[in-house]
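The chains referred to below are lettered A, B, ... by the order of the sequence lines, with proteins before strands, and numbering in each begins at 1. FYI, side chains are in, hydrogens and waters are out, and symmetry mates aren't considered; it's all heavy atoms of this structure.
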Amino acid sequence: MKNNDPSISADTIARFYKQIRRIRRVEETVIDLYPTDKIKSPVHLSIGQESVSVAVCEALRPTDVVFGTYRGHALYLAKYGDMKAMMAELYGKADGCARGKAGSMHLVDMKVGMMGTSAIVATSISQAAGYAFALKQRKSDAIVACFYGEGAMDEGAWHETMNFAALKKLPVLFVCENNGYAIYSSVKDRMSSVNICARSESYGIPAARIENGDTRKLYAKVQSDAAAIRAGSGPRVIEAMTCRWRDHVGPGEDRVHRYRPDAELNAWIAADEMKKLGELLPATKRAEIDRDVEAELAAAITFAEQSPYPEDREIYDHVFAAE
Amino acid sequence: MSSPPSDARTLTYGQALLEAARQEMARDAGVFIMGLGVDDAKGMYGTTANLHKEFGADRCFDTPLAEDAMTGVAIGAALAGMRPIHVHQRMDFLLLCMNQLVNMAAKSSYMFSGAVSVPLVVRAIIGRSWGQGAQHSQAFHSYFMHVPGLKIFAPTTPYDAKGAMIAAIRDPNPVVFMEHRMLYSFKGIVPEAAYEVPFGRARLLTHGKHVTIVAVSYMVAEALRAKHLLEEVGIEAEVIDPVSLAPLDIDTIVTSVSRTGRLLVVDTSWLTCGFSGEILALALERLGGKQAFQAKRMGYAPTPCPTTKPLENVFYPNARTIALAAHAMVKGEGASWKIEVQEPREIAEFKGPF
Ligand SMILES: Cc1ncc(C[n+]2csc(CCOP(=O)(O)OP(=O)(O)O)c2C)c(N)n1
C-alpha cells in the first residue's frame, strides 16, 4: 500500500504506527496478564479504537489538554502518558499514576495534559468546556480535546455543554468516538435518529464525520480544526467512526455475547489501521519500531511488578488537596 | 413477623429478585422495568433475564443513558398509574436522579395532598471489589433516609429480597431498593408463591446477651461471621438486619439494646451524618435517662474508595474488625484478642471483570 497523502510525512506515518502499536501491545499484554489476577481492576480495552486517540493527539500540541473516559488506555498512551506509571496503576502499586488508588478507569498524567478520567458517563464533557473557558480567559493558545463515546450524547450534560461551549466560543474540540454501542446496546436503540453531526450542528458547532477510524484523515481534520479553534472559531465536533473489538469491559472476546453481527466486527478487524499503517513503512523500520515497543513494554511490566503496594496509611492521603 | 416456611426450595438472591419481578409483572399489567442493559444477554446479573421475551419489549426495555430524564419518565408513568421499576447498575448513578427523586417523587403525594401518588421502585446495586473504585462502590441510603416521602429497602437474604421487592412494587410510594453486588450469589430458602416482606420490620437474626450488632445490607453477612468468632470467646451477639431502612423499625433495635447494653452499628457506607449516627441518636432518645449503653459505629473509611486491594481491605469493615470492635466493647479496650480470618468466599472468588 502507498501513502497517497503527500501532506503526511513518512516520519508522521511511523509515529502513528508506533503509537497505535504501543497501545495495542499494552492491551494485548493486559489480556495475557488478566488470568494471573495481578490486575484486579475492570479494564475497558481500546483495541480497535486506538487510531482515534493517536490521530487526534498527534495533531495536538503537547501543551494541549485532553479529557477522556474510563476507556482511557489509548488516550493516555497517545498523549504520551507514562507507560510505566500506567502499568503500575493497573497493578494497584504505589508507583502508579495515582498511587494505585484509581486503577484502569481513572488514569491521569498532568505532565502531558492527560486529565484524570471518570467512570461516570458524560461527566468529563462539561469539565472540558470549563477547562477551555479558563484557557480562553487566560488568553492561552492551548486548546482542549474532549473524548466521549456516542452513548454519552444521550445524557443531558452533553446537550447542555454543547450549548454553553458554542455560546461562549470555547476552544474545545469534541471527539465523539462512535463505536456504535453502549455496552451491548446499539446506538439505533438509543437515538431516535442517529445524527451525531446534525445534533452537534444544531447547537451551531461545525461537525464532521470521519469514516473507518482513518488515522490520516482524522489527523488532517484535527490539524485544521485545531488551527481554527486556536484562531478563535469556537468549538468543533468530530464524529470518529470506530470499533471496539473486545468486550465492553474485561479481557474477553466480544462475539460471545452475540448482540452484533460477526460480519460487522470482521470487517473492522480486516481494515485494521495498525496493519495498514505498518504496511506503509519499510519492513526494517517497522521491525525497529516493534522492537522498541516490546522493550518499552517489558520495562513497564518489570517496573509494575517490582513496585511495592501502597502502605495502609496511604488510604487517608489526598482526601483534601494540600495547600 | 413472617418467617420462611419449611419450603425446601433454594434460590440465589439474584434469582429471588427475578422471580419477584416475573410474578408481579404477570399479576399486574402496569408493572414494567426500564434501565440500561435490562434486556441484554446478562440481564442485570440475571435479575431481569429474558423478561423482555416473556412480557414484551414494552415491559422490559433498555433506555438511553439519561438517568435524570428517565427518572422523570418513570415518575410520569407512575403518576399515570403504572408501576415502573427503574434499574441502575450502580447506586453511584442515582446521583444523576436526585433532583427528580428528591424534589418530585418524594414530595408529590404531600404537595398535592394525596391527589397523586408515585408507585415507583428504583433498584440500585452497590458495587464492591476488583477495583470498583471511587465511583462504582458508593451506597447512598443515608442521603435518601434524610428525605421524607421516600421508602428504602436493603434486603440481605434471598427470602427478604423477593418479599421486599414484591412489597416495594405494590407500595404506592417511591421506594429505593438497595442490592449489594456481593449478595447475588447468596442462597436461601424462597417460597414459590408471592409474598410480601413488610416495610418497617427488622429481623432479629440471632439472640445474644452481650452486644447488639445492627448491620446494613452486605455487612449483615460480615456481622454474622463476627458473631461466630465472638462465640469462641464466650461473647453472645444479637445481630439485627433492619431490612427496611425507611420506615425503620427502631423498636426492635432499642429492645435489644436495652437487654445487651451495647450497640454496634455497621454500615455499608460512611459514618458522618449517616445511617449509623441516626440509629445511635434514636436509641439515645429512647433509652437516654433510663439506661446507659455503650455505642460504636463502623463503616467505610472516611475516604473515597481506593481501587488497590490492600487499601480496599482497609476501607471496608469485615468480620474480623467487627468482632474485634464488639470484643473491645464487651471486654474493654485493653483486652487483647488475636484472630485470623480468611477473606470471605464471595470476595475472594470475585474476579470482575466488573
Ligand atoms: C451515568 C452513567 N450511567 C451508566 C453507566 C454504565 N455504563 C458504563 S459504560 C456505559 C456505556 C457507554 O457507552 P459509550 O459512551 O458509547 O462509550 P463506550 O463504552 O462505547 O466507549 C454505560 C451505560 C455509567 N458508567 N455512568
Peer 1: Report which part of B/E312 has an atom under 4.5 Å of a heavy atom belonging to chain A: side chain, backbone, both, or neither.
Peer 2: neither
Peer 1: Is the backbone N or O of A/G100 less than 3.5 Å from a side-chain atom of B/T307, with the two atoms forming a donor-acceptor pair by type?
Peer 2: yes
Peer 1: Once you round to the nearest 0.5 Å, how far does NZ of B/K42 lie from CD1 of A/I183?
Peer 2: 8.5 Å
Peer 1: Below 4.5 Å from any heavy atom of chain B, which atoms of A/A102 appear? Answer side chain, backbone, both or neither.
Peer 2: backbone
Peer 1: Between A/Y316 and chain B, with a heavy-atom cut-off of 4.5 Å, which part of the residue counts as in contact: side chain, backbone, both or neither?
Peer 2: both
Peer 1: Using non-hydrogen atoms and a 4.5 Å limit, figure out which bit of B/D62 sits close to chain A: side chain, backbone, both or neither.
Peer 2: side chain
Peer 1: Please assess A/I120 against B/L96 for the test side-chain contact (heavy atoms from CB on, under 4.5 Å), listing each intermediate value before the final yes or no.
Peer 2: CA-CA 10 Å; A/I120 307 294; B/L96 285 148; 4.2 Å; yes
Peer 1: Would you compute the distance between atom OG1 of B/T308 and atom CG of A/L90 and round it to the nearest 0.5 angstrom?
Peer 2: 11.0 Å
Peer 1: Pick from A/S104, A/P310, A/A157, A/G96: which one has the most heavy-atom pairs with chain B under 4.5 Å?
Peer 2: A/P310
Peer 1: Go through A/I315, A/D317, A/V319 and name the one with the most non-hydrogen pairs under 4.5 angstrom from chain B.
Peer 2: A/I315
Peer 1: Side chain from CB out, backbone as N, CA, C, O: work out which of these in A/V121 comes under 4.5 Å of a heavy atom of chain B, or both, or neither.
Peer 2: side chain
Peer 1: Can you establish whether the number of heavy atoms outside B/M104 located under 6.0 Å from its atom CE is more than 12?
Peer 2: no
Peer 1: So how far is it from B/W130 CH2 to A/I39 CD1, rounded to the nearest 0.5 Å?
Peer 2: 9.0 Å
Peer 1: Report the option among B/N313, B/D40, B/D39 that has the most heavy-atom pairs separated by less than 4.5 Å from atoms of chain A.
Peer 2: B/D40
Peer 1: Given the options B/A69, B/P306, B/P304, which has more heavy-atom pairs under 4.5 Å with chain A than any of the others?
Peer 2: B/P306
Peer 1: So, taking the atom named NZ in A/K101 and the one named CZ in B/F315, what distance separates them when rounded to the nearest 0.5 Å?
Peer 2: 11.5 Å
Peer 1: State whether the number of non-hydrogen atoms from other residues, nucleotides or ligands found under 6.0 Å of B/K296 atom NZ is greater than 12.
Peer 2: no
Peer 1: Does B/K107, at its NZ atom, have more than 12 non-hydrogen atoms belonging to other residues, nucleotides or ligands within less than 6.0 Å?
Peer 2: yes
Peer 1: Identify which of B/G133, B/G352, B/G131, B/A301 forms the greatest number of heavy-atom pairs closer than 4.5 Å to chain A.
Peer 2: B/G131
Peer 1: For A/T123, which atoms come within 4.5 Å of any heavy atom of chain B: side chain, backbone, both, or neither?
Peer 2: neither
Peer 1: Based on non-hydrogen pairs under 4.5 Å, which of A/H248, A/E155, A/E89, A/H106 is most in contact with chain B?
Peer 2: A/E155
Peer 1: Side chain, backbone, both or neither: which part of B/S129 has a non-hydrogen atom closer than 4.5 Å to chain A?
Peer 2: neither
Peer 1: Answer with side chain, backbone, both or neither: which region of A/Y34 has an atom nearer than 4.5 Å to a non-hydrogen atom of chain B?
Peer 2: side chain
Peer 1: Within the supplied structure, the quantity of interest is the number of heavy atoms (other residues, nucleotides, ligands) at a distance under 6.0 Å from B/R22 CZ; does it exceed 12?
Peer 2: no
Peer 1: Just how far is it from atom CG of B/L36 to atom OH of A/Y184, taken to the nearest 0.5 Å?
Peer 2: 13.5 Å
Peer 1: For the interface with chain B, which of A/A122, A/P251, A/G103, A/G252 has the highest count of heavy-atom pairs at distances below 4.5 Å?
Peer 2: A/G103
Peer 1: Could you report the tightest heavy-atom contact between B/Q135 and A/A119, atom names first, then the distance?
Peer 2: OE1-N, 2.6 Å
Peer 1: Between atom CG of B/L65 and atom CE of A/M153, what is the distance when rounded to the nearest 0.5 Å?
Peer 2: 12.0 Å
Peer 1: Between B/F350 and chain A, which part of the residue has a heavy atom less than 4.5 Å away: side chain, backbone, both or neither?
Peer 2: neither
Peer 1: Quick check for you: among A/S41, A/S185, A/A152, A/G92, which has the greatest number of heavy-atom pairs under 4.5 Å with chain B?
Peer 2: A/S41
